[in-house]
Number of protein chains: 2
Amino acid sequence: MSQPSPAPATVAGRALEHPARERIRLDQVLQALADPLRLSVLHKLAAAGPGAELSCSDLDLPVSKSTSTHHFRVLREAGLIQQVYRGTAKMNALRRDDLEVLFPGLLEAVLAAAARERLR
Amino acid sequence: MSQPSPAPATVAGRALEHPARERIRLDQVLQALADPLRLSVLHKLAAAGPGAELSCSDLDLPVSKSTSTHHFRVLREAGLIQQVYRGTAKMNALRRDDLEVLFPGLLEAVLAAAARERLR
DNA sequence: CCCATCATACGAGCACCGTCGAACTTTGAT
DNA sequence: ATCAAAGTTCGACGGTGCTCGTATGATGGG
């Protein structure tokens, strides 16, 4: 039953818990969005193009590593990003499709709003 | 004791502080949205039609009066709602236009997302 | 094999948030 | 003038969130 990892070939690391699409909760998503640091992570991921993968250190947050880990976990558990181990690095990607199916236009609107505010 | 309140001519009550459109901050908006209770307030206001005014008690939140006051203030200070005294009641209305100018599609997307999740 | 690198876990501190009850103010009606 | 209704203010309490430092674990290269 609970032995689902017959070594997924692609990646050697430990598994990371992601909420299935149907389990993504709006409250959690909004909560995750309501932090400037996390918003900046989403912006950078979006700006890197669709399907782009950036490592945690690539994103270069102005906080300690433990704090960084904390924010990435919040984003992952809210269902906003997908994380995958690649060597010693952990790669992050936006869950654009899942979010678009669940809450059409939401991510776009928020990112656009952030971009717009940046230009004031 | 301090202020005899020189009668603002428009309406009998004293004035309430609202952020001007240009002073509305996205972080504050998202923070305000990230609470189920406040989200439900916005939903009810939106459902009441454009320009609709509902009193605080009309919205009938499942919390004490002081808590209710707190949430309405958060919404007002974030720039999401406009409040006006009308007799003993305080009327609330969505700031649709201002929000649409600042962050096009954002409010719609959030409300639609909430509605969609309600149907799961 | 050892080590540097990337990230996690844990505990702690601190601030903020959501909640309440009680006392008060303002307004309109009896 | 008195009273009831609608909100506000205040202080308090508990929970949660953001932050850090230190110690720990996994990975890949020399």
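These figures come from a predicted structure and were not determined experimentally. In the text below, chain A, chain B and the rest are named by the order of the sequence lines, each starting its count at 1.
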- Query: Roughly how many Å is it from CD in B:Gln83 to P in C:dT26, rounded to a whole number?
  - Reply: 18 Å
- Assign A:His71 to base, sugar-phosphate, or nothing according to its heavy-atom contacts below 4.0 angstrom with the strands shown. sugar-phosphate
- Message: Please report the distance, rounded to the nearest Å, between CG in A:Asp58 and P in C:dT5.
- Response: 16 Å
- Polar side-chain atom of A:Glu100 near backbone of A:Gly105 as donor-acceptor pair, under 3.5 Å: yes
- Ignoring backbone atoms, establish whether B:Ser57 has a side-chain N or O less than 4.0 Å from OP1 or OP2 of D:dA5. no
- Query: Where do B:Arg38 and B:Gln31 come nearest, in terms of heavy atoms and distance?
  - Reply: NH2-O, 3.3 Å
- Task: Can you figure out which of D:dG7, D:dC20, C:dT19 approaches the side chain of A:Val63 most closely?
- Result: D:dC20
- Message: So, OP1 or OP2 of C:dA9: does either fall under 4.0 Å of a side-chain N or O from A:Arg73?
- Response: yes
- Task: Assign B:Ser64 to base, sugar-phosphate, or nothing according to its heavy-atom contacts below 4.0 angstrom with the strands shown.
- Result: base
- D:dC20 OP1/OP2 closer than 4.0 Å to side-chain N/O of A:Thr67: yes
- Should A:Glu17 and A:Arg73 count as an ion pair when the cut-off is N to O under 4.0 Å? no
- Which nucleotide in the set C:dC6, D:dG7, C:dG28 lies at the smallest distance from any side-chain heavy atom of A:Thr88? C:dC6
- When every non-hydrogen atom of A:Arg76 is compared with those of A:Pro19, the smallest separation belongs to O-CD, 3.3 Å
- Item | OP1 or OP2 of C:dA7 under 4.0 Å from side-chain N/O of A:Ser68 | no
- Message: In this structure, how many angstroms lie between the P atom of D:dG17 and the CG atom of A:Leu33, rounded?
- Response: 15 Å
- Any side-chain N or O of A:Arg38 less than 4.0 Å from the OP1 or OP2 oxygen of D:dC18? yes
- Is a side-chain N or O of B:His43 found less than 3.5 angstrom from the main chain of B:Ala115, in a donor-acceptor match? no
- Can you figure out which of D:dA6, C:dA7, D:dC20 approaches the side chain of A:Lys65 most closely? C:dA7
- B:Leu75 CG to C:dG18 C1', straight-line distance once rounded to whole Å: 14 Å
- Task: Write down the distance between CZ (A:Arg86) and C1' (C:dA7), rounded to a whole number of angstrom.
- Result: 17 Å
- Item | No-H, no-angle donor-acceptor pair, B:Ser66 side chain to D:dG7 base, under 3.5 Å | no
- Length of the line joining A:Leu39:CG and D:dG17:C1', which is rounded to integer Å: 17 Å
- Winner on side-chain proximity to A:Thr69, out of C:dC20, D:dT19, C:dA7, is C:dA7
